[in-house]
Every structure is written in structure tokens, then in C-alpha cells.
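Protein chains get the first letters and strands the later ones, always in sequence-line order, with residue 1 at the start of each.
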Amino acid sequence: MENKRINGNDLLALGYDENSALGVALQINKKRLGFTREQMLAYFSAVLANPEAYLEDAIFKTLAQELLKQDELEASYIALKEEGHYEIYGEEHIEEGAKQQMQVAMTLPVSVAGALMPDAHQGYGLPIGGVLATSNAVIPYGVGVDIGCRMALSIFDLPAAYLTEHSDALKKVIMQTTKFGAGQGFQKGDRASHAVLEQDTFAMNDLLRSLKDKAWAQLGTSGGGNHFVEFGVIAFEQTDADLGVQAGEYLALLTHSGSRGLGATLADHYTKLAKQLCKLPYKAQHLAYLDLGTAEGQEYWMAMNLAGDYASACHEVIHEKVRQQLGAERLAKVENHHNFAWKEMWNGQELIVHRKGATPAAKGVMGIIPGSMASPGFLVRGKGQMESINSASHGAGRLMSRTKAIKTLAAADLKAILNDQGITLMGAGMDEAPMAYKDIHTVMAAQQDLVDVLATFSPKIVRMADDGSRED
DNA sequence: ATGTCC
């Protein structure tokens with residue numbers, strides 16, 4: 001006990017802030033230097049109280065310097081508010097880190113309202129599953145790295161039985177029409193065309209001009225991680241007049257992917273720009289924002305919208321290729337993005353609503369909330385709940401990190417689940433195994449006030465990027 | 001999530 005290591009929490013308890021001085025203190029602590037834990041803690045406390053006195057100290061000099069530098073910097077930062085209230089759905093299943101991140105986001109001077117969805121987990125800056133409404137400012141990390149990432153569902157005029165009767169053919173269709181993985185794109189002769197490539201925004205600046213060719217090559221590709229293309233059965237218990245689909249079970253295609261290299265590069269560029277222009281205290285630095293009244297803010301807005309349109313085009317290319325190969329007719333299509341910022345009216349004012357891993361759920365708005373490769377997804381219609389800022393979850397949410405999933409989950413267990421449910425899986429790593437996700441039914445139960453369920457989608461033939469952590 | 005360097 002006596003010699004228990006000093007950690008970051010001990011230093012925070014002494015009054016240290018979450019900044020680089022804390023890091024320097026931990027570096028010094030690593031050396032141990034023959035002091036007891038109590039002696040070390042006494043020193044750290046004394047240096048914090050009076051850094052000037054330690055500027056010549058052989059051991060604590062670097063810490064004293066860093067503390068003084070932080071004091072100086074702090075004075076030049078944009079001040080945060082004391083606190084702000086935000087609504088949480090399914091709180092008992094949300095990790096502490098995600099709540100802390102949301103709390104910090106609420107203290108931005110531009111923040112007006114916030115909400116945390118039941119699938120929330122810790123991210124970079126704003127948590128995944130976080131919704132933040134700001135006044136005339138956009139936060140690149142409030143949108144996320146994969147700008148415009150979305151779900152798209154096509155319901156075909158084919159019966160559910162088509163899946164079992166033509167399973168091999170459908171497998172072939174997916175393999176022939178999709179391309180997965182970081183950096184992947186199509187060779188010149190195989191590239192698709194789409195009106196999005198003609199958008200003027202591609203000529204807005206050098207960065208966008210330089211990204212156009214890659215965007216063309218990657219048009220209609222799917223990326224890695226949790227992105228997927230899957231065939232499944234969609235079941236409507238009742239006829240949906242709005243959508244024009246009769247009660248029954250149909251073959252459907254569900255895809256999840258985003259704006260590929262284009263969006264990633266734009267997100268990286270504008271996040272750095274925001275950090276240069278908007279100096280926030282250490283704990284909030286990733287939430288740097290761009291004022292929409294500035295040229296930089298407008299530029300990001302244009303770029304973000306282009307990336308959104310591009311992500312949509314990628315899905316449309318895949319869906320159209322598949323539809324043609326099936327020789328089928330599409331009865332209905334539903335699409336929704338979940339990494340984006342919108343100008344929306346909320347509580348009588350126009351705000352910038354950031355949804356980072358959250359589904360738009362304004363009254364009557366349709367969306368898709370997937371479970372996992374081996375659990376159902378849901379076609380939903382928003383209820384327009386003001387407290388959730390017209391939002392819902394974008395999936396089940398992770399139960400364990402990718403690394404933990406790869407380390408602890410057994411490939412044999414996944415195989416058993418897939419066999420039991422008659423699901424064919426192509427690609428994917430163990431980090432995408434259903435056991436790595438929260439129970440989708442629990443998550444849906446936590447957002448009954450936010451969405452109505454129209455139909456249930458059961459995945460049957462799933463393709464994801466192959467990361468090598470699983471053998472087929 | 002991306003794809004090879006602030």
C-alpha cells in the first residue's frame with residue numbers, strides 16, 4: 001500500500017489540471033528517485049502551489065516550468081462555461097468517459113443543448129452517440145472523422161425466400177459489386193460515374209482539387225471497421241403507406257459506410273485549422289470550433305456537405321449495381337447519415353446540430369438503426385423528441401473496445417452464432433463479432449420515446465473488410 | 001475511420 005504507484009488521479013486529487021504539466025509530473029514520478037510515495041506527493045503538491053520556488057531545482061525544474069507555461073497559456077484560452085445540462089438515454093449502459101466528454105462539450109461558450117444516445121461511448125472530442133447543438137459554430141470533431149457516414153436500405157420486390165433459394169448467387173453479387181478496406185479503390189476502367197463528381201465545391205481550393213481523383217476511384221467502395229454491405233430479410237408487420245410497402249417480408253440490402261479518404265482528409269485538415277483558430281483549454285481542445293460567420297467556417301461547411309453528398313453517392317452506386325445484377329425493382333429506399341452537422345430549428349431558434357453517431361429523428365423522419373451482423377436492425381420513424389434534439393442512437397454501440405474484442409473473443413463462438421442463425425459472413429474481424437456489441441433490444445428499449453419501429457431487418461449475407469483477426 | 005508522418 002505504502003508504495004503504490006502515483007497515477008494521474010492522485011495528481012488530479014492534488015489539484016493538477018488535465019494538461020501537459022500532469023504529463024511532465026508523471027514522467028518525473030516514473031524515475032522514483034528513492035522517495036516514498038508520501039514524500040513524492042508532498043513535493044508535487046509544493047511545486048504546484050509555488051512553481052517559481054522550483055525553477056532551479058534539479059528534479060522538479062521541468063515541472064515548474066511547465067506549470068508556469070500552462071498558467072500563461074490558460075489566460076489566453078477561450079473561457080469555458082461552468083456547466084451545462086444535457087439529456088441522457090439509457091444512462092445505466094453508458095460508460096463514464098462518454099459522460100465526461102459530453103459534460104466538457106456542454107461548457108463550450110457556443111453550446112446551447114446536448115444529448116447522449118443509449119449507444120454512446122467514448123470518442124475523440126465529442127463522444128460517439130453525442131448530439132450537440134451550438135450557436136453559429138461548427139465543430140469538425142463534433143461531426144467526426146468519417147463525415148457523412150450513413151446507412152442506406154433498399155427494399156426489393158423479391159420475397160424473403162429468395163435469400164435461401166439463391167444464397168450462392170447473392171453471395172456472388174456482393175463479392176462482385178463491393179470493395180472493402182482502407183485505401184481501396186477502383187482501377188480506371190472499373191470506376192463508376194455520379195453527378196457528385198461534377199460539384200463546383202471540388203474546385204473550391206487546392207485541397208479539394210487534389211482529392212477529386214481519389215474520390216472518383218473510391219466512389220462505390222465501403223472502407224473498413226464497422227462498415228458493411230449485407231442482404232437480409234426486412235419484415236413489415238403492417239403496411240406502411242408513407243413508404244409504399246405492403247405488410248410482408250422482403251429481400252433488402254443494407255449498407256453502412258461513409259466518405260472514405262475524401263472525408264477523412266477533409267476532417268483532418270479542418271480539425272487542425274479549427275485548433276489553430278480556436279484555442280480552448282486542454283480538456284476541450286479537440287472540440288475546437290469554426291465560426292460560421294468566417295471564411296474558414298463557410299469553407300468547412302461546404303466541404304462537409306460535399307463529403308456528405310459523396311457518401312450518399314457511394315451508397316447509391318452500390319445499391320444500383322446490386323439492383324441491376326438482381327434484375328429487381330426497388331420498392332423503397334431509406335437513407336440517413338449519422339456523422340454530420342445540420343442547421344435546424346430547436347426550441348424556436350436556429351442552431352447547428354452536430355450528430356456524431358446519432359440518427360436524425362425529427363417527427364416523421366425515417367432512419368435505420370442496425371444491431372450487429374447477427375442481431376436485428378430496425379427501420380424507425382422519429383418522434384421529434386425535443387430533449388433528444390430530434391435524435392436517436394445509430395446502432396447498438398460497442399460493449400468492448402476493438403482491442404479487447406480481438407484479445408478476448410473466440411472465433412469458434414462467433415462461428416457457432418452464425419451457424420445457428422444461418423448467417424453467411426465474408427470478411428470482418430473479431431472486433432465486429434456480435435458479442436462485442438451491446439444488446440440492441442436494450443438500446444431500443446431505452447429510446448422508446450425517440451422512435452417508432454416500422455420494420456425489423458435480419459442480416460443473412462454479410463460482407464465487411466477483412467482485417468485478418470478472423471479466419472473464414 | 002483513414003492509409004503511411006504534426
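- The residues A/Glu92 and A/Lys438 are annotated as not salt-bridged, no charged nitrogen and carboxylate oxygen being separated by less than 4.0 angstrom.
- Not counting sequence neighbours, A/His319 has no partner by the ring pair (Phe, Tyr, Trp, His ring centres under 6.0 Å) test.
- Atoms CE (A/Met464) and C1' (B/dA1) sit 12 Å apart, rounded to a whole Å.
- Rounded to a whole Å, the CZ atom of A/Phe228 is 15 Å from the C1' atom of B/dA1.
- Not one side-chain nitrogen or oxygen of A/Arg260 sits closer than 4.0 Å to the OP1 or OP2 atom of B/dA1.
- The distance from atom CZ of A/Arg402 to atom P of B/dT2 is 10 Å, rounded to the nearest whole Å.
- Under the 6.0 Å distance and 45° angle rule, A/Arg398 counts as a cation-pi partner of A/Tyr437.
- Under the ring pair (Phe, Tyr, Trp, His ring centres under 6.0 Å) criterion, A/Phe44 pairs with A/Phe60, not counting sequence neighbours.
- The nearest pair of heavy atoms linking A/Pro360 to A/Asn336 is CD-ND2, 4.1 Å.
- Distance A/Met151 CE to B/dA1 P: 12 Å, rounded to the nearest Å.
- For the pair A/Glu432 CD and B/dA1 P, the interatomic distance rounds to 7 Å; values are reported in whole Å.
- The distance between atom CZ of A/Phe180 and atom P of B/dT2, rounded to the nearest whole Å, is 10 Å.
- Rounded to a whole Å, the NZ atom of A/Lys356 is 12 Å from the P atom of B/dA1.
- For DNA chain B, the neighbouring residues in residues 213-227 of chain A, judged by any heavy atom under 4.0 Å, are A/Lys214, A/Gln218, A/Gly223, A/Gly224, A/Gly225, A/Asn226, A/His227.
- A/Met304 has its CE atom 19 Å from the P atom of B/dA1, to the nearest Å.
- A donor-acceptor contact closer than 3.5 angstrom is absent between the side chains of A/Gln70 and A/Asp17.
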